[in-house]
Amino acid sequence: MANETKKKASDFRYNTGETKVPWAAVGENYNAEDLMTIIKFMMVGSGEAYDAALKAVEKEVYALDKVSEPPAKLSLDKEVAKAEEMCDKYLDTEGCAFLTNCTAGFEIACKYTGLKPGDEVIVPAITFAATMAYPLSIGCKIVFADVDPLTLNMDPKDVARKITSKTKMIVPVHIGGYPVDMDPIMELAKQHDIIVLEDAAHAFGGEYKGRKLGTIGHFGSYSFHEVKNITSFGEGGILTTTIEDFRPEMKRARFLGTDFSKKIKNWLYDVTPIQGKDGGKFVATNFSTTEIQGLGLQLQIARIEKIIEARREASAYLNSRLAGCDALILQDLGGDGCKPTFHLYQLQIDPEKAGGDVQVLKKKLAEKGVTEIAHFGPLYRFQVLKDLGYDEAAIAATCPVTEEVFDRRFTHFPVYGLTKEQLDYMADSILASIDEMKRGV
Ligand SMILES: *Cc1c(COP(=O)(O)O)cnc(C)c1O
């Protein structure tokens with residue numbers, strides 16, 4: 001017997017009822033010893049007090065193990081469904097799907113659109129590589145829209161210039177959780193029959209004109225990777241859609257296209273293609289999430305408003321400390337239906353007034369021990385694109401604002417979880433650095 005657990009196993013993973021020989025042990029359990037390892041992983045520490053507390057917990061966990069059952073399901077069940085219900089309620093959407101990550105959501109949206117090699121997808125020049133990864137991987141042409149100089153978001157006017165008869169998708173990214181100007185983008189999409197996929201990786205809980213970010217385009221995909229505002233044990237994503245016909249397909253698109261409402265001869269279910277745009281069809285793969293992730297997401301959605309408020313307060317405090325300096329352009333705090341999530345604090349400098357560009361400031365801050373967030377670069381500078389034949393210089397020439405703001409003007413800072421002393425130190429260091437730059441030292 002490989003499985004030494006003394007627990008009842010008949011309803012583990014699959015409920016096979018009162019059968020004498022259950023369909024049991026299809027997967028292995030976690031025992032008390034494993035759980036202690038998990039607790040030590042989640043609650044790191046050392047020293048006498050830590051060891052004593054751990055010992056006490058250990059005793060109780062082993063006692064609990066004796067009088068408890070393992071969970072019946074570890075993947076795609078009630079907790080995942082509850083997390084999705086909470087998301088739908090919070091976002092005012094229907095039929096969202098909890099996936100392995102945000103990039104998986106992009107993939108489903110792209111497959112729905114029926115993207116094929118040669119189709120064009122417009123993404124902002126400044127974002128994370130994930131925004132372009134799937135269309136790039138299947139041979140689409142990525143077209144880079146220049147950014148707005150203040151928000152760093154995709155500039156709708158440049159999107160309009162870059163639409164061609166081959167454009168099949170536009171991917172606005174709410175960078176740092178600041179809302180993209182969605183109305184003109186949706187208008188362009190309507191005129192040209194283009195699918196809009198919102199990269200809402202930073203934007204869970206933000207609003208544009210009073211509507212939740214990620215629920216305005218045809219699709220919206222959120223990330224719960226460990227560095228985002230909320231997480232589901234390090235990885236996770238939610239995909240939403242405003243396309244009513246596609247909603248019933250979302251969960252099948254997550255899990256191989258299995259359809260339990262249909263059966264093939266002598267078997268329990270059928271596997272059918274997923275219905276895409278304009279009568280198209282596609283084959284689903286597997287982006288299933290675990291029950292633990294579902295639970296983890298529920299816990300954090302429950303406090304999302306408090307998290308955003310704490311981030312807003314920290315950003316407002318930094319603004320108040322930096323307000324007097326004429327060489328700085330501060331994070332926009334929104335208001336009037338515009339609600340950023342404050343995932344990142346964006347600071348810009350005016351290189352002329354500061355007497356140097358942001359690269360100088362970044363160097364000075366690093367010397368003072370102030371960490372900025374390794375922010376998002378122009379994607380067209382990456383080697384992967386050069387290898388695929390993209391001409392960096394030619395693309396850069398079509399994105400003059402991107403070139404200017406990235407090299408000379410902006411950087412991002414973390415704000416969440418910092419103490420007032422740390423925020424003050426950050427503000428003091430920024431002001432001192434600008435002062436040094438102005439004096440040329
Ligand atoms: C993190 C991130 C993603 C990808 O999210 P995953 O959940 O890691 O797939 C996409 N876009 C942006 C802008 C991101 O920062």
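The figures that follow rest on heavy atoms only: side chains count, while hydrogens, waters and symmetry mates do not. Along the sequence shown, the residues carry numbers beginning at 1. Here the structure is a predicted model, which means the values were calculated and not measured. When a ligand or atom number is given, it counts from 1 through the structure's own listing order.
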Any heavy-atom pair between the side chains of [Y] and [X] that's under 4.5 Å?
| X | Y | answer |
| --- | --- | --- |
| V196 | M182 | yes |
| F413 | V370 | yes |
| E249 | F246 | yes |
| M186 | Q191 | no |

Between V227 and ligand 1, which residue portion shows a heavy-atom distance shorter than 4.0 Å: side chain, backbone, both, or neither?
-> neither
Within reach of ligand 1, part of C102 (heavy-atom separation under 4.0 Å) = both
Which ligand 1 atoms are under 4.0 Å away from a heavy-atom of [X]?
| X | value |
| --- | --- |
| N101 | 6 (P), 7 (O), 9 (O) |
| V173 | 13 (C) |
| T103 | 4 (C), 6 (P), 9 (O) |
| T127 | 13 (C) |
| A201 | 2 (C), 3 (C), 10 (C), 11 (N), 12 (C), 14 (C) |
| A130 | 3 (C), 4 (C), 10 (C) |

When you check the side-chain N and O atoms of T231 and Q300, is any donor under 3.5 Å from an acceptor?
-> no
Among all protein heavy atoms in this structure, tell me which lies nearest to [atom], with the distance rounded to 0.1 Å.
| atom | result |
| --- | --- |
| atom 15 (O) of ligand 1 | H202 NE2, 2.6 Å |
| atom 14 (C) of ligand 1 | K228 NZ, 3.0 Å |
| atom 7 (O) of ligand 1 | S223 OG, 2.7 Å |
| atom 11 (N) of ligand 1 | D199 OD2, 2.7 Å |

Polar-atom distance check: E235 versus ligand 1, any N or O pair below 3.5 Å?
-> no
Any N/O pair H225/ligand 1 closer than 3.5 Å | no
Between atom CZ of F128 and atom CG of L379, what is the distance when rounded to the nearest 0.5 Å?
-> 9.5 Å
Hey, which of H412, H202, H225 is the one that makes ring pair (Phe, Tyr, Trp, His ring centres under 6.0 Å) with H343?
-> H202
K141 atom NZ: more than 12 heavy-atom contacts under 6.0 Å | no
Salt bridge (Lys or Arg N to Asp or Glu O under 4.0 Å) between K82 and E85: does it pass, once the steps are laid out?
-> CA-CA 5 Å; K82 256 195 248 167; E85 271 166 42; over 6 Å; no
